[in-house]
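Heavy atoms only: backbone and side chains are in, while hydrogens, waters and symmetry mates are out. A quick note: this is a predicted structure, and the numbers were derived from the prediction, not measured. Lettering of chains follows the sequences in order, A, B, ..., and the numbering in each one begins at 1.
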2 protein chains.
Amino acid sequence: MGLTKTEIFTDAQNEIARLAKAFAHPARVAILHHLFKSNTCICGDLVDEIGLAQATISQHLKELKNLGLIKGNIEGTSVCYCIDQTKWKEMKLLLTTFFDQDINSNNCC
Amino acid sequence: MGLTKTEIFTDAQNEIARLAKAFAHPARVAILHHLFKSNTCICGDLVDEIGLAQATISQHLKELKNLGLIKGNIEGTSVCYCIDQTKWKEMKLLLTTFFDQDINSNNCC
DNA sequence: TTTATATATTGCAATATTACGATTAATAAA
DNA sequence: TTTATTAATCGTAATATTGCAATATATAAA
């Protein structure tokens with residue numbers, strides 16, 4: 001028990017859930033927000049700007065990287081994280097298509 | 001530890017995360033999909049259509065109801081669940097606004 | 001009232017997530 | 001080389017989520 005039964009859902013449903021997890025924690029929302037806001041590709045400044053330990057931020061960054069939504073470029077001793085525009089657009093299309101289901105639906109209650 | 005530090009994030013960040021959780025599990029994605037697909041307001045058919053135990057479906061429905069995304073009308077012994085169109089539109093606006101941040105951002109890497 | 005049906009709730013086990021201190025690894029500067 | 005700086009990883013504790021059997025609740029039908 002406690003294990004999500006991925007096999008009984010469609011690929012699309014699993015992929016939507018997988019991507020939505022990126023936004024299902026305020027720290028990751030904050031990280032993404034910071035990455036968009038700063039013109040310069042911020043790196044470990046995230047640790048200062050968001051009030052979480054370095055290990056915690058690093059873990060969240062790893063999850064976002066695993067989803068493909070961000071990428072990291074090593075620059076000397078620090079790492080520059082950026083949004084992966086291609087993957088971001090892909091994610092946007094998948095999720096907004098799901099959200100727009102309401103347009104063609106007639107509610108009964 | 002293990003407790004999300006909501007207090008260090010903005011209200012918007014917390015709300016985005018809260019709503020994104022609705023889509024962060026394939027069972028809930030499947031439930032919402034079924035609710036949109038069926039013109040008649042389906043009720044416990046979800047248990048048959050999705051391969052999860054009745055108690056599990058009921059729990060996911062409760063979470064979606066708590067987020068305000070769906071509402072349930074009691075009809076005899078069964079309950080008719082539907083999308084709450086107003087809340088859905090609200091959620092859509094909040095999340096798509098967040099997703100559209102890429103439009104005004106210039107990536108550096 | 002009794003019985004059947006549908007849904008919610010409870011209790012519990014398994015697994016996942018969140019957070020952080022400590023450590024490691026890797027590069028830059030002295 | 002030695003030392004500082006930055007980020008990743010490891011280990012661990014606390015908490016949350018997922019799933020289901022069993023039970024409770026509530027209405028409909030007999």
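Distance CG (A:D48) to C1' (D:dT5): 13 Å, rounded to an integer number of Å. Separating the CG atom of B:N66 from the P atom of D:dA16 is a distance of 15 Å, rounded to the nearest angstrom. Here D:dT6 presents its C1' atom at 16 Å from CG of A:N73, a figure rounded to the nearest Å. In this structure, CD of A:E75 is placed 13 Å from P of C:dA29, rounded to the nearest angstrom. In this entry the distance linking CD1 of A:I74 with C1' of C:dT27 reads 10 Å, nearest Å. If you measure from atom CD1 of A:I31 to atom C1' of C:dA19, you get 13 Å, rounded to the nearest angstrom.
Backbone-only contact: A:L52 has heavy atoms under 4.0 Å from sugar-phosphate atoms and none from a base.
Applying the 4.0 Å criterion to OP1 and OP2 of D:dA16, one finds that A:H25 has every side-chain N and O outside that range. Under 4.0 angstrom from either OP1 or OP2 of C:dT17 there lies no side-chain N or O belonging to A:H60. Checking the phosphate oxygens (OP1, OP2) of C:dC20, a side-chain nitrogen or oxygen of B:K5 falls inside 4.0 Å.
Heavy-atom nearest nucleotides on DNA chain C were determined for A:G76 and for A:E63, and the one closer to the 5' end corresponds to A:E63.
For A:F23 and B:F99, the gap between ring centers is short of 6.0 Å.
Formation of a donor-acceptor pair under 3.5 Å by the A:T56 side chain with backbone atoms of A:L52 is not found in this model. Distance alone, capped at 3.5 Å, places no donor-acceptor pair between the A:D84 side chain and the A:I70 backbone. For B:R28 (side chain) and B:H60 (main-chain N/O), no donor-acceptor pair under 3.5 Å exists by modelled atom type.
You'll find the side chain of B:V29 stays beyond 4.5 Å of the side chain of A:N14, heavy atoms only.
Using a 4.0 Å cut-off between charged side-chain N and carboxylate O, B:D100 and A:K92 make a salt bridge.
Summarising the geometry of A:G51 relative to B:I8, their closest heavy-atom pair is O-CD1, 3.7 Å, with the distance given to 0.1 Å.
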Nucleotides 1-9 of chain C: protein proximity per nucleotide (B base, S sugar-phosphate only, - neither; heavy atom, under 4.0 Å): -----SBBB
